[in-house]
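Remarks on the structure that follows.
For the single chain, residues carry numbers from 1 onward in sequence order. Computation of the quantities below employed the complete heavy-atom set of this structure, encompassing side-chain atoms and omitting hydrogens, waters and symmetry-equivalent molecules. Fair warning: this is a prediction, and the values are worked out from it, not measured in the lab.
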Amino acid sequence: MSHFTSPGPARGLPEESTVSGLDHFNAQPPDAAEEALIACCGSRRWARRLTGHRPYPDAAALLAAADEASYDLTPADLAEALARESAPGLPGLPLPRARSGEERQPALAGPRDACGGGQPGGVPVRRPGVLAAHTALRAAHAAYESRFGHAFVICLDGVDPAESLDHVLAGLRTRLGHEPEKERVVAAEELRRLSRGRLARLMA
């Protein structure tokens, strides 16, 4: 996906997971499995639930359990998970490192988000209009975070890389008009999709 820096592991956790593949995941000690899952969704209860239902016979069963756990997130669980989301980056131009007190950047993910960052290629670094889009994205996200109190999350799986930036900006502008309760539902669904994609790639 087009130079979007995908959301990495929850802040304060190791950059690399100790779990690789479903069989390894099933055999891991509970603490290690839980920490790997936290990198996919920042809700501790979500991670504990999936860990507690091991072993999974196949990846499909694990992903189904992950979806069910995501649908069952309480408002407090969702707030915990959203608080862990951040991703400094956008297509073709890395965002400057935020100074202390600056807003977080939107959590964006495409097909190569692997629970730990990564910078898929595809969009020229000097694409015309990128700097203006960078400014617009930062401004829109600042407004979003001010309104809703958490980072903007959106899943880019299936979005054409050339359209990723427009998709994100359109999503921000549309969702800024939501009432908080409606936006909570939308953010929860985007987080579910992000978590599912990260988990699928973690188990691959």
Check your understanding: Taking 4.0 angstrom as the limit, do Arg184 and Glu189 come out as a salt bridge?
Key -> no
Practice item. Decide yes or no for Leu199 and Met203: does some side-chain heavy atom of the first lie under 4.5 Å from some side-chain heavy atom of the second? Key: yes
Practice item. List the atom of Ala33, the atom of Thr51, and the distance in Å for their closest heavy-atom pair. Key: C-OG1, 3.9 Å
Practice item. Look only at the side chain of Glu190 and the backbone of Cys155, and say whether a donor-acceptor pair between them is shorter than 3.5 Å. Key: yes
Review point. Mind checking whether Ile154 and His167 have side chains closer than 4.5 Å, heavy atoms only?
Key: yes
Exercise for review: Considering non-hydrogen atoms only, spot the tightest contact between Glu179 and Arg147 and give its length.
Suggested key: CA-NH2, 3.8 Å
**Study point:** Rounded distance [0.5 Å steps], CG in Leu194 versus CZ in Arg196
**Key:** 12.5 Å
Review point. So, do His150 and Glu85 sit near enough that their side-chain heavy atoms are less than 4.5 Å apart?
Key: no
Check your understanding: Is a side-chain donor or acceptor of Asn26 paired with a backbone partner of Tyr56 at a separation under 3.5 angstrom?
Key -> yes
Practice item. Please answer: with hydrophobic residues joined when any side-chain heavy atoms are less than 4.5 Å apart, are Val186 and Leu172 in the same cluster? Key: no
Practice item. Work out which heavy atom in Leu73 is nearest to a heavy atom in Ser43; give both atom names and the distance. Key: CD2-OG, 3.6 Å
Point to revise | Donor + acceptor pair across side chains of Ser70, Asp67 (<3.5 Å) | key: no
Review point. Going by distance alone, is a donor N or O of one side chain under 3.5 Å from an acceptor N or O of the other, for His141 and Glu145?
Key: no
Check your understanding: How about Val168 and Val159: do any of their side-chain heavy atoms sit closer than 4.5 Å?
Key -> no
Study note, to complete from the structure: Taken in chain and number order and not counting sequence neighbours, the residues that satisfy ring pair (Phe, Tyr, Trp, His ring centres under 6.0 Å) with Phe148 are Tyr144
**Study point:** Nearest heavy atoms of Gln28 and Arg54, plus distance in Å
**Key:** O-NH1, 2.6 Å
Study note, to complete from the structure: One should read off an interatomic distance between Ser164 OG and Asp160 CG, to the nearest 0.5 angstrom, of 7.0 Å
**Study point:** CZ on Phe152 to CG on Leu137, rounded to 0.5 Å
**Key:** 8.5 Å
Point to revise | Ser146 (side chain) donor-acceptor with Ala142 (main chain) under 3.5 angstrom | key: no
Review point. Is there side-chain contact between Pro55 and Phe25, with heavy atoms separated by less than 4.5 Å?
Key: no
Review point. With respect to Asp77, which candidate in Arg45, Arg48, Arg84 satisfies the salt bridge (charged side-chain N to carboxylate O under 4.0 Å, His left out) definition?
Key: Arg45
Review point. Any idea which heavy atoms bring Ala136 and Arg173 closest together, and the distance?
Key: CB-NH2, 3.9 Å
**Study point:** Closest contact, heavy atoms only, Gly197 versus Asp157
**Key:** CA-OD2, 4.5 Å
Review point. Got a sec, which residues hit side-chain contact (heavy atoms from CB on, under 4.5 Å) with Arg49, two or more places apart in sequence or on another chain?
Key: His53, Glu68, Ala69, Asp72
